[in-house]
There are 2 protein chains.
Amino acid sequence: MEDSAAPKRSVTVADVAKAARVSKATAARVLGGYGVVSAKIKDQVMAAAAALEYRPNELARSMSTGRSGIIGIVVGDIENAFFSLAVRGISDAARLAGFNVIISNSGEKLDAEKSAVDLLIGKRVDGLIVTPARCDSIDHLRHVGRAGMPLVLFDRSIPELDVDAVTGDDREAAIAAARFMVEAGHRHLAYVSAMDAEDGGFTDVARISNSAVRERVEGFVSVLTEAGLPNPLHYVRLGATDQPQTDDVIKRLLSDSSPPTAILASDSLVGLRVFKSLQSLGLSIPDDISMISFLDADWTSVTVPPITVVDQRVYEMGKLAGERLVARIEQIPLAVERLRVSTSLVIRSSVARIGGLGPKRDVN
Amino acid sequence: MEDSAAPKRSVTVADVAKAARVSKATAARVLGGYGVVSAKIKDQVMAAAAALEYRPNELARSMSTGRSGIIGIVVGDIENAFFSLAVRGISDAARLAGFNVIISNSGEKLDAEKSAVDLLIGKRVDGLIVTPARCDSIDHLRHVGRAGMPLVLFDRSIPELDVDAVTGDDREAAIAAARFMVEAGHRHLAYVSAMDAEDGGFTDVARISNSAVRERVEGFVSVLTEAGLPNPLHYVRLGATDQPQTDDVIKRLLSDSSPPTAILASDSLVGLRVFKSLQSLGLSIPDDISMISFLDADWTSVTVPPITVVDQRVYEMGKLAGERLVARIEQIPLAVERLRVSTSLVIRSSVARIGGLGPKRDVN
DNA sequence: TAACAAAAAGAGACCGGTCTCACGACATAT
DNA sequence: ATATGTCGTGAGACCGGTCTCTTTTTGTTA
């Protein structure tokens, strides 16, 4: 019963110093690993520290040094494979440089994002990586720089903000995916995203507040336009935030007078929901309808048919963001830039060639 | 250019006090929201704080109060859906109680776990939730209590440690799954886990250092024994830590003189690897071989056939662990206990009835 | 052995909050 | 008019480290 929940005051350098019969300053030097001390005294202090089970109070330490050794991450949703992979990339880069990581979830809600950023600033992290939910509300992000800590944007960029960003090449990725479908003979393509729609309906591309989504839509639209397909925005749908919503989106899409024959899903969660929707409707992929999903999630390779995906190299994105932030923290002089990680199309079997010619499988 | 990367000293209560022409103590009272101040002075201070863009230094705050308002989590692998779901459960419970969360990854490595725990103790978190990689090395966990902070074990329990634990009912779950297979006529059942094997081979159930895995194996074995099946440990295999390893495990399993006809996978990652292995071997599920996986992961419902799984209610587990820790932090008097969250079998179509009778589908 | 430099140890300010205690002003009781 | 109490404010210690500056010890050289 000797080590119960007693809120005993913890052992400090002063305690160790007293036990080792040296001054606080000297004990602090050996415990903190700075300055010079003779080997004899050092052993003496170490022994005392071990006997007392001293463990440093990192709080106090970072208060006087001004460095906490931790970097803060604010992600949209850790449960999303995209973010958990990214977090691992960031963590790996951070750990390599001797930093630890504290993660906060915004749930893609602006309010939660704001308070997470504030909290992290308050905790005096050494730097911040944020996936901004919207690019039109950036005051809280300005605070970061004003508090003197570096910020790296992840997955989405905000030109108005003079900070580094790591993103995928979303426009090119969407172009590659859309073009692949068009070349397979598709004439009616839909784009489905989970982003909250402002008011249910979809209005203006330029006003999409998430840069990744906007660029993808722009790329998507540009392909349709260039292919001379009419009304390229007609099948762009937002709001597939959960299964019922997605079912609804898909149903409305398919009840169109000339329904789409191919769907591009903007992330693996949306992709999975679309797949389930289609499946529950008794539709067969790719015979009845084709699809491509962003992100090479684990489920995409074990379905029948396996899904053609845009491989985003998320781990690399995370690693890059982590490295960039570390470089900023260490004051390495670097121009502010937007780093893009290239994507590639992983062709599997979820896109049919239509128009009567060729096999009903992915073209390559 | 006025708010560049200048490492400007941040605004403190003293600064605000000076600007508001009051004492530091008074400014601190309104900024910290404690004590009593007249409405007039309060407004005055608030205005000054706003003008100066004051934001509290949480580090300093927690140093004097002794509370950080954050709880630490050490998980095995955030990328594993099991843990990311659990983390969400914990976070939700924590946020509700006004706590924030800091997550560390151990990668199921004891060393990483130790240093993560040490780091978190150093950061003076208010409490800790840990998924211990092994139950036979617990010194670092003892430190937690000794440092005066509550600890809750997650997913795995350690009887030697007098602390709360939240786990699934692993033994019962394994029994239900194994019994389901036995009742479907299977006589040769395999159990495959990702846990690192001590030396490649498998020796003694009682010596499995992970309580969740051990209980599952025990449950599994008890069913085979009770059914009068010989050599129940024969097909228990550890070490399916990645795809090549799993391929190897499966190959060795199937080249046995009387190969298993059904496999129980101990988590969704192993399950997916097993599925892929089987698929790459050209084996059809459930006609050639049956399988059940732990955890109702998203991929399990979209494969052909959909996989019968043990639904672990991980979110609830996380929530419970979070709530328990919060209660401990708030010193609510509670007996130390092991909370078990019940599981259920979700029957889909990956287990065939064998022995010639009935359809080759899951029995229910 | 005295003189001096260099190394080792000590004293104490500091980081930015919280919080106890002391003090003055004013209201109420006697 | 004096004693008692309450309220609002100020002064300053404190949390547990780091780090600068000063003092003491040690070692080298003349």
Side-chain angles (χ1 to χ4, degrees), chain A residues 7-46 48-49 52-70 119 121-126 147-148, chain B residues 7-46 48-49 52-69 118-119 121-126 147-148:
Chain A
K8 63 191 80 55
R9 210 181 51 77
S10 48
V11 180
T12 72
V13 280
D15 298 328
V16 175
K18 194 159 358 133
R21 315 190 147 279
V22 298
S23 75
K24 182 185 159 199
T26 303
R29 270 188 272 260
V30 5
L31 263 14
Y34 57 91
V36 266
V37 260
S38 67
K40 199 188 100 203
I41 295 279
K42 186 168 183 173
D43 291 348
Q44 210 168 310
V45 172
M46 290 304 245
L52 267 52
E53 288 198 320
Y54 166 80
R55 31 205 73 227
N57 183 332
E58 298 293 341
L59 245 46
R61 183 169 284 174
S62 16
M63 197 155 94
S64 38
T65 56
R67 320 185 69 242
S68 63
I70 81 181
L119 177 94
I121 294 179
K123 295 275 183 229
R124 295 298 190 269
V125 295
D126 290 341
Chain B
K8 64 190 79 55
R9 209 182 52 77
S10 49
V11 180
T12 72
V13 280
D15 298 327
V16 175
K18 198 166 345 142
R21 315 191 146 280
V22 297
S23 75
K24 181 185 158 199
T26 302
R29 269 188 272 261
V30 6
L31 263 14
Y34 58 90
V36 266
V37 257
S38 67
K40 201 188 98 203
I41 295 278
K42 187 168 183 173
D43 292 347
Q44 210 168 308
V45 173
M46 289 304 245
L52 267 53
E53 288 197 319
Y54 166 81
R55 32 205 73 228
N57 183 333
E58 297 294 340
L59 245 46
R61 183 169 283 175
S62 17
M63 195 153 96
S64 34
T65 58
R67 321 186 67 243
S68 62
D118 260 14
L119 177 93
I121 294 179
K123 296 276 184 226
R124 296 297 189 270
V125 294
D126 290 340

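Note that the coordinates shown come from a computational prediction; the quantities given were computed from them, not determined experimentally. Within every chain, numbering begins at 1; the chains are lettered A, B, ... in the order of the sequence lines, protein sequences first and strands thereafter.
Atom P of nucleotide dA9(C) and atom NZ of Lys42(A) are separated by 12 Å, given to the nearest angstrom. If you measure from atom CG of Leu31(A) to atom C1' of dG16(D), you get 11 Å, rounded to the nearest angstrom. Remark: P of dG17(D) and CG of Asp15(A) are 9 Å apart, rounded to the nearest angstrom. The distance from atom CG of Asn57(A) to atom C1' of dC15(C) is 13 Å, rounded to the nearest whole Å. Put simply, NZ on Lys123(A) is 13 Å from P on dG17(C), counting in whole angstrom units. Taking atom CE of residue Met63(B) and atom C1' of nucleotide dC14(C), one finds them 10 Å apart after rounding to whole Å. The distance between atom NZ of Lys40(B) and atom C1' of dA25(C), rounded to the nearest whole Å, is 14 Å.
At distances below 3.5 Å, at least one donor-acceptor pair connects side-chain atoms of Asp15(B) with backbone N or O atoms of Thr12(B). Between the side chain of Lys123(B) and the backbone N or O of Ser68(A) there is at least one donor-acceptor pair closer than 3.5 Å. Within the 3.5 Å criterion, the main-chain N or O of Lys18(B) finds no donor-acceptor partner in the side chain of Arg21(B).
Nucleic acid contact for Val11(A): sugar-phosphate only, since backbone atoms but no base atoms lie under 4.0 Å from a heavy atom of the residue. Leu59(A) comes within contact range of no nucleotide atom at all, as no heavy-atom separation falls under 4.0 Å. Ile41(B) comes within 4.0 angstrom of sugar-phosphate atoms only, judged by non-hydrogen atoms across all strands, and of no base.
Using a 4.5 Å heavy-atom threshold, the side chains of Arg124(A) and Asn57(B) count as touching. Using a 4.5 Å heavy-atom threshold, the side chains of Leu119(A) and Glu58(B) count as separate.
OP1 or OP2 of dT18(C) has at least one side-chain nitrogen or oxygen of Tyr34(B) nearer than 4.0 Å. Between Ser38(B) and the phosphate of dT9(D), there is a side-chain N or O to OP1/OP2 separation shorter than 4.0 Å. Side-chain N/O atoms of Ser64(A) include none lying less than 4.0 angstrom from OP1 or OP2 on dC19(D). Between Thr26(A) and dG10(C) there is a side-chain N or O to OP1 or OP2 distance below 4.0 Å.
A donor-acceptor contact under 3.5 Å is not formed by the side chain of Lys24(A) with the base of dG10(C).
If Val36(A) and Ala25(A) are placed on DNA chain C by their nearest nucleotide, the residue sitting closer to the 5' end is Val36(A). Judged by closest nucleotide on DNA chain D, Ala14(A) is the one of Ala14(A) and Arg29(A) placed further toward the 5' end.
Counting only heavy atoms from C-beta on, Ser10(A) has its side chain closest to dG16(D) among dG17(C), dG16(D), dT9(D). Among dT18(D), dC19(C), dG17(C), the nucleotide with an atom closest to any side-chain atom of Thr12(B) is dG17(C).
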